[in-house]
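Structure first, commentary second.
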Amino acid sequence: MAQGHKFQDLEETGKVLVDFINSSQPKVLRRVRDEHQALFDQHVETKKIVTQILKDVAQIEESAGQRLLDMEEEKKQREQELESLEEQLRQCTAKSQMTDSELQFLQRELENLRNTEHELETLQSEVEEDTTEVIPSAVYVAQLYYVISKIKWEYDTQPNILRGVHYGADLATPINIDTSLRSRNDVSDQLWGFVSTEW
């Protein structure tokens with residue numbers, strides 16, 4: 001039934017078309033054809049424009065997608081650089097804390113050295129005061145001993161070695177005594193033996 005209606009509609013449309021063609025004049029047909037051609041040309045031009053627009057949009061989307069990928073890659077690199085900088089900052093902070101500790105230790109050491117230096121200066125000034133009084137008298141006593149005994153001593157020997165030279169009237173006699181092997185009385189007797197009894 002529905003197909004019958006469709007066929008009837010198609011038949012009626014065909015009749016209307018045939019009547020239109022028969023009643024139309026060639027000028028009207030040419031005008032319709034020209035309008036139809038113009039419409040077709042406009043459709044083709046519009047299709048070209050739309051196609052170009054679609055190509056441009058696709059190119060823009062591709063470019064935007066590539067830029068997005070590049071930005072993601074750059075973001076990853078920046079994050080890695082940031083992590084590296086944070087690690088360097090942690091290491092520098094640790095080194096700074098160690099350096100601060102070392103600096104405090106060195107400052108304490110410096111303060112101790114200054115205190116020690118001050119003590120040494122005080123001690124040196126005390127020694128200088130003592131030596132200004134003692135050395136001249138020690139020099140005098142040493143010169144007196146030399147005048148009496150005529151023995152010139154070497155002072156850069158080991159503590160248990162007595163070394164020097166006795167300058168007698170006729171000849172010089174070397175002295176080399178190891179006090180660890182002999183008694184104090186023997187050493188004293190030997191040294192007094194060099195002293196002349198003639199005044």
**Asked** Any side-chain heavy-atom pair from Thr93 and Leu89 closer than 4.5 angstrom?
**Response** yes
**Asked** Val44 versus Lys48: any side-chain heavy-atom pair under 4.5 Å?
**Response**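 When only atoms from C-beta onward are counted, Lys48 and Val44 do touch, with a gap below 4.5 Å.
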Side-chain donor-acceptor pairs under 3.5 Å in residues 104-121, sequence neighbours left out?
{"from": "Asn112", "atom 1": "ND2", "to": "Arg108", "atom 2": "O", "distance (Å)": "3.4"}
{"from": "Asn115", "atom 1": "ND2", "to": "Glu111", "atom 2": "O", "distance (Å)": "3.3"}
{"from": "Thr116", "atom 1": "OG1", "to": "Asn112", "atom 2": "O", "distance (Å)": "2.8"}

Which distance, rounded to the nearest 0.5 Å, do you find between the [atom1] of [X] and the [atom2] of [Y]?
X      : Y      : atom1 : atom2 : value
Leu162 : Leu191 : CG    : CG    : 6.5 Å
Ile177 : Arg182 : CD1   : CZ    : 5.5 Å
Lys47  : Leu54  : NZ    : CG    : 11.5 Å
His166 : Trp153 : NE2   : CH2   : 10.0 Å
Gln88  : Leu85  : CD    : CG    : 5.5 Å

**Item:** Intermediate values then yes/no, side chain to side chain contact (heavy atoms under 4.5 Å, CB included), Glu73 and Asp70
**Value:** CA-CA 5 Å; Glu73 185 64 29; Asp70 293 344; 5.6 Å; no
**Request:** Return the set of residues passing side-chain contact (heavy atoms from CB on, under 4.5 Å) with Ser183 (not counting sequence neighbours), or none when no residue passes.
**Result:**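 side-chain contact (heavy atoms from CB on, under 4.5 Å) list for Ser183, sorted by chain: Asn185, Asp186.
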**Message:** Holding to side-chain contact (heavy atoms from CB on, under 4.5 Å), I want the full list of residues that pass it with Gln158, two or more places apart in sequence or in another chain.
**Reply:** Asn160, Ile161
Enumerate, atom names and distances included, each donor-acceptor pair closer than 3.5 Å involving a side-chain atom of residues 58-65, sequence neighbours excluded.
none

**side chain to side chain donor-acceptor pair (under 3.5 Å) partners of Arg90, counting only residues at least two apart** = Glu87
**Prompt:** Between Lys152 and Tyr167, what is the shortest heavy-atom contact and its length?
**Reply:** CB-CE1, 3.8 Å
**Main-chain N/O of Gln80 paired to Ser84 side chain as donor or acceptor, under 3.5 Å** =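 Side chain of Ser84 to backbone of Gln80, a donor-acceptor pair under 3.5 Å: no, none is there.
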**Asked** Same hydrophobic cluster for Val57 and Ile49, using side-chain heavy-atom links shorter than 4.5 Å among ILVMFWY?
**Response** yes
**Item:** salt bridge (Lys or Arg N to Asp or Glu O under 4.0 Å) against Glu81, all qualifying residues, sequence neighbours excluded
**Value:**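 Here the qualifying residues are Arg78.
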